[in-house]
Amino acid sequence: MRLTATDYRHPAEMPALVAGAWFAVTLLLAAHVLAIWLLAARPLSPWAAIVLGIAILLLLDLGLAAALARIGPHLAGLRASARPAGPSTFARVHEAAERVAE
């Protein structure tokens, strides 16, 4: 059986992705709840609460957009630096993967 690079996934890859996504979504939801509370309850002076609430929403949403924009180039860099494991290069890794695939 011939293996390709897409046949192998690190066991920690999916849990780390899920945990990171869960943390990011939770953080963004908490910040949006705080901003909406500031806008609705206005515990400060009305103008200060509005400005602070809008600033929190804008900063977090712009930060999310910037982080999402950097995912593509980061993945491209990881793929460019990858080296395939074959019979001539990384023979032990290739043999172990072949045994597991069988």
Side-chain angles (χ1 to χ4, degrees):
M1 169 179 243
R2 297 287 299 160
L3 293 176
T4 64
T6 58
D7 292 330
Y8 175 76
R9 294 281 183 252
H10 192 277
E13 184 177 330
M14 189 53 71
L17 176 65
V18 170
W22 178 85
F23 180 71
V25 168
T26 303
L27 186 62
L28 283 172
L29 284 175
H32 278 83
V33 166
L34 173 66
I36 290 169
W37 177 77
L38 280 171
L39 292 172
R42 292 193 183 120
L44 308 169
S45 69
W47 287 108
I50 289 171
V51 169
L52 187 58
I54 290 173
I56 288 172
L57 286 174
L58 283 176
L59 285 174
L60 287 170
D61 289 341
L62 289 175
L64 176 63
L68 290 175
R70 293 176 47 191
I71 289 175
H74 177 69
L75 288 176
L78 288 175
R79 288 186 186 119
S81 65
R83 287 177 263 148
S88 59
T89 59
F90 303 107
R92 289 178 48 201
V93 174
H94 182 73
E95 287 175 24
E98 289 285 337
R99 282 194 307 258
V100 169
E102 291 172 1

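Residues take their numbers from the sequence shown, with the count starting at 1.
- The heavy-atom pair separating A35 from G53 by the smallest distance is CB-O, 3.5 Å.
- Each of L52, L60, I56 was evaluated against L34; a single residue qualifies, I56, per the side chain to side chain contact (heavy atoms under 4.5 Å, CB included) test.
- Residue L64 is tested with V25, L27, L28 for a side chain to side chain contact (heavy atoms under 4.5 Å, CB included); the sole match is L28.
- The CG atom of L38 lies 11.0 Å from the CD1 atom of I54; values are rounded to the nearest 0.5 Å.
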